**Student:** 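Quick one: the structure is below, questions incoming.
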Amino acid sequence: MTLDELRHIASTLDRDDPLAAYRERFHIPRRGDGSEVTYLCGNSLGLAPRAAAESVACELRAWAELGVEGHFQSERPWVSFHELFTPHLASLVGAKGHEVVAMNTLTVNLHLMLTSFYRPSGERRKVLVGHAAFPSDRYAIASQITLRGGKPEETLLVAQPRPGEATLRTEDVVELIDRHAWKLQLVLMDGVNYYTGEFIDIPTITAAAHRHGILAGFDLAHAVGNVPLALHDWGVDFAVWCHYKYLNGGPGCVAGCFVHERHGLAPEPLPRLAGWWGHDKQSRFVMGPDFRPIPGAEGWQLSNPPLFSLAALLPSLELFSEIGMAQLRAKSEHLTGLLDRGVREMFPDWIEILTPQEPSRRGCQLSVRLRHHAKSTFAALLAAGVICDWREPDVIRLAPVPLYNRFADVVRCVEVLSCAK
Ligand SMILES: *Cc1c(COP(=O)(O)O)cnc(C)c1O
C-alpha cells in the first residue's frame, strides 16, 4: 500500500462513517498554531465531551442554590445519583443492574474485590496473573497476599507468552490453570492488556478456572467501552475498571465494579470492607451500628460518591448508550484495521506490531515496537501533533477510538511515520 492508496481508502471511509458527527461532541485539543491535534491517546485519557462542563455546572448550581437539600431536592438528587449509571454500566459490561456500581477509583475497587474474593485457605493460596500486568494491579495483589501472611513471590503464578511471542495463548493459560489447579484460589487478569493491547478470551479462561472451583476476576480498564463484554453470561466472578480511558470521564474519575449476582445476592453476604453507603438504603439514615449490605454490587460502596466526577462522566456514558457498543466496535475494527494495514504494509522491516492481528483478540489499541530510531520517532510524532504514548523500552501505543477519531487520523499518523523512517 502507498500513502496515496491509504489516503483514498480513508477518505471514503470517513465519508461513509455513520458515527462521524460524534466527533463534534468532543473538545479536540489544539496545537500552538490553532490546528487540532491527532489524538491517539484515548486509551490513556479520553477527551472531554462538550456536555461534561454543563453537567458539572448543573450540580454546582444545585449546591449553590440548595446546599444540603441538594441530596434530596436537586433535579438529579445526589442521594441516588449513582443509580443513574446503572443501565449504562450494565449495558457496557453485559451485566444485570444489580451487578454493577460506579464508586471509588480503580485500584481502590480492586482492593475491595480482593478483600472479598482472595480468600486463601489450606493448599489453595495462589493467584494467577498475566505477564504484563499494570503495576498498580501487581502492587495491589502483592500487598493483599502480604496482608494475609503470604509471600507474593511464592504465591503469584505468572502466565507468560511463548519465547519469541509478545502475547498469551489462551490454551497456554488454560493449561497453566489445569496444571496448578489444586494450589490456585484466584485468576486475576486484564481484559485488554495495557501494554500489548491483547484482548484475552475471558469466557474460556473463566470457564477453565470454574472447572476447578477457582474464582476469576478481571481488570477491564482497557476493555470497557472498547470491546464487547458479557460478564454476566460469561460467569465472571468480579471485575473492576476505570472511566477516564475509553469512557471519557476525566482524570481521576469515579471507577466501576461488577460483582456477579451469585456472590452479590448470596443469602449469606460475603465478607467485605464496609461503609455506610453500602448499607441497606431503607435504614441507612437510621444510623444504627450493624452493617446490612445492599444486595448486589452496591453493597460494596463505602462513601457517598464524588458528585462532580460522576456528573462529568454521565454525558459520555449517555453517548455510549445512544450509539451502542455494536456500532462503535464495527467502526473500531475498521479504524484499527486500517492502521494495522498501513503500518504492516508500509514499514514491514522497521515496525513490529505486538498486538494480535485478529480483530477478536484486540480492541482499538496497537502497540508497535520500532526496531530503530524509536525514541526519535516518538518525538517526531509528538512534534507533528500526533498524541500517542511511549512505553519502555521501545514501544509506542497508538489508539484510534471510534467515538471521535477519523480515518484521516490514521493517515496522519502513518504520514508522520513515513517521514521519520
Ligand atoms: C489505568 C489502569 C490503572 C490505573 O489505576 P487507578 O487506580 O485508576 O489510578 C490500573 N490498572 C490498569 C490495568 C489500568 O489500565
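This structure is a prediction, so every number in the text was calculated from the model and none was measured. What you see below is based on every heavy atom in this structure, not just the backbone, and it leaves out hydrogens, waters and symmetry mates. Numbering of ligands and ligand atoms starts at 1, following listing order.
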**Student:** Between Lys96 and Asp233, is there a side-chain N and carboxylate O pair less than 4.0 Å apart?
**Tutor:** no
**Student:** Using the test side-chain hydrogen bond (donor to acceptor under 3.5 Å, both in side chains), find all partners of Asp290 that sit at least two apart in sequence or belong to another chain.
**Tutor:** none
**Student:** So is Lys126 actually on top of Tyr118's ring, under 6.0 Å and inside 45° of the axis?
**Tutor:** no
**Student:** Can you check whether Cys364's main-chain N or O pairs, donor with acceptor, with Asn226's side chain at less than 3.5 Å?
**Tutor:** yes
**Student:** So, for Val254 and Met103, which heavy atoms are closest and what is the spacing to 0.1 Å?
**Tutor:** CG1-N, 3.4 Å
**Student:** Ala312 and Pro315: which non-hydrogen atoms are nearest, and at how many Å?
**Tutor:** O-CD, 3.5 Å
**Student:** Short N or O contacts of ligand 1 with protein, under 3.5 Å, listed by atom name?
**Tutor:**
from: ligand 1; atom 1: 5 (O); to: Thr107; atom 2: OG1; distance (Å): 3.4
from: ligand 1; atom 1: 7 (O); to: Thr107; atom 2: N; distance (Å): 2.9
from: ligand 1; atom 1: 7 (O); to: Thr107; atom 2: OG1; distance (Å): 2.5
from: ligand 1; atom 1: 8 (O); to: Tyr244; atom 2: OH; distance (Å): 2.5
from: ligand 1; atom 1: 11 (N); to: Asp137; atom 2: OD1; distance (Å): 2.6
from: ligand 1; atom 1: 11 (N); to: Asp219; atom 2: OD2; distance (Å): 3.4
from: ligand 1; atom 1: 15 (O); to: His222; atom 2: NE2; distance (Å): 3.1
from: ligand 1; atom 1: 15 (O); to: Lys245; atom 2: NZ; distance (Å): 2.5

